[in-house]
Amino acid sequence: MTHPTAPGAPGPPPKPAGLGRTARIVIVVVAVVTLVCCAGSIGGGFWLFSTVREATAPARDAATAYLDDTRAGDHPAAYARLCQRLRERSTEEEFTRLRPGG
């Protein structure tokens, strides 16, 4: 049983200033969730970038090779790189004639 303190007697010591246990737990949980979200976003961004780069590599390589052939004046090689639908629209001779220097 505790006795009431006498008037003028010192009371219990004050609570230390700072965050309580609940506040610390909330801060830690928020920090962990933020860290996981940021890491997931960064990882997802790298994955998306590499997937798109791999998916577009064949088209990029084909376009680069076609342009290299046309710049070099190798029109038969450039014509051979065209898709079937475009080759059906014109002959190799017509393709070559329509190109600069052809």
Side-chain angles (χ1 to χ4, degrees):
M1 176 168 171
T2 56
H3 299 289
T5 55
K15 289 186 177 181
L19 299 174
R21 180 179 172 169
T22 303
R24 282 186 291 213
I25 291 173
V26 168
I27 290 172
V28 169
V29 168
V30 168
V32 168
V33 168
T34 302
L35 181 65
V36 168
C37 288
C38 290
S41 296
I42 291 170
F46 281 125
W47 174 81
L48 182 63
F49 174 76
S50 66
T51 301
V52 169
R53 187 177 60 186
E54 289 174 19
T56 59
R60 183 179 57 245
D61 294 343
T64 300
Y66 173 81
L67 292 173
D68 289 343
D69 288 342
T70 56
R71 286 183 192 131
D74 190 357
H75 300 298
Y79 180 81
R81 294 184 186 279
L82 295 176
C83 68
Q84 183 65 33
R85 191 181 90 222
L86 290 176
R87 285 193 306 251
E88 289 173 356
R89 288 184 181 177
S90 67
T91 65
E92 184 177 331
E93 293 77 28
E94 292 172 332
F95 177 81
T96 302
R97 189 177 62 241
L98 295 173
R99 301 290 163 250

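Side-chain atoms are counted along with the backbone in the values below, which use heavy atoms only and exclude waters and symmetry mates.
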Taking all heavy atoms of P58 and all of A55, pick out the closest pair and write down the distance. CD-O, 3.7 Å

Of all heavy-atom pairs linking T70 and H75, the shortest is O-CE1, 4.3 Å

Side chain to side chain contact (heavy atoms under 4.5 Å, CB included) against [X], all qualifying residues, sequence neighbours excluded:
X: Q84; value: R87, E88
X: R85; value: C83, R89
X: E93; value: T91

Result block: side-chain N/O donor-acceptor pairs under 3.5 angstrom for residues 26-48, not counting sequence neighbours:
| residue | atom | partner | partner atom | Å |
| --- | --- | --- | --- | --- |
| T34 | OG1 | V30 | O | 2.8 |
| S41 | OG | C37 | O | 3.0 |

Quick test of your reading: applying salt bridge (Lys or Arg N to Asp or Glu O under 4.0 Å), list the pairs with at least one residue in residues 64-77, sequence neighbours left out, ordered by first then second residue. D68-R71, D69-R81

Residues passing the side chain to side chain donor-acceptor pair (under 3.5 Å) test with R24, sequence neighbours excluded, are none

Running the 4.5 Å side-chain criterion over Ile, Leu, Val, Met, Phe, Trp and Tyr, what cluster does L86 land in, apart from itself? Y66, L67, Y79, L82, F95

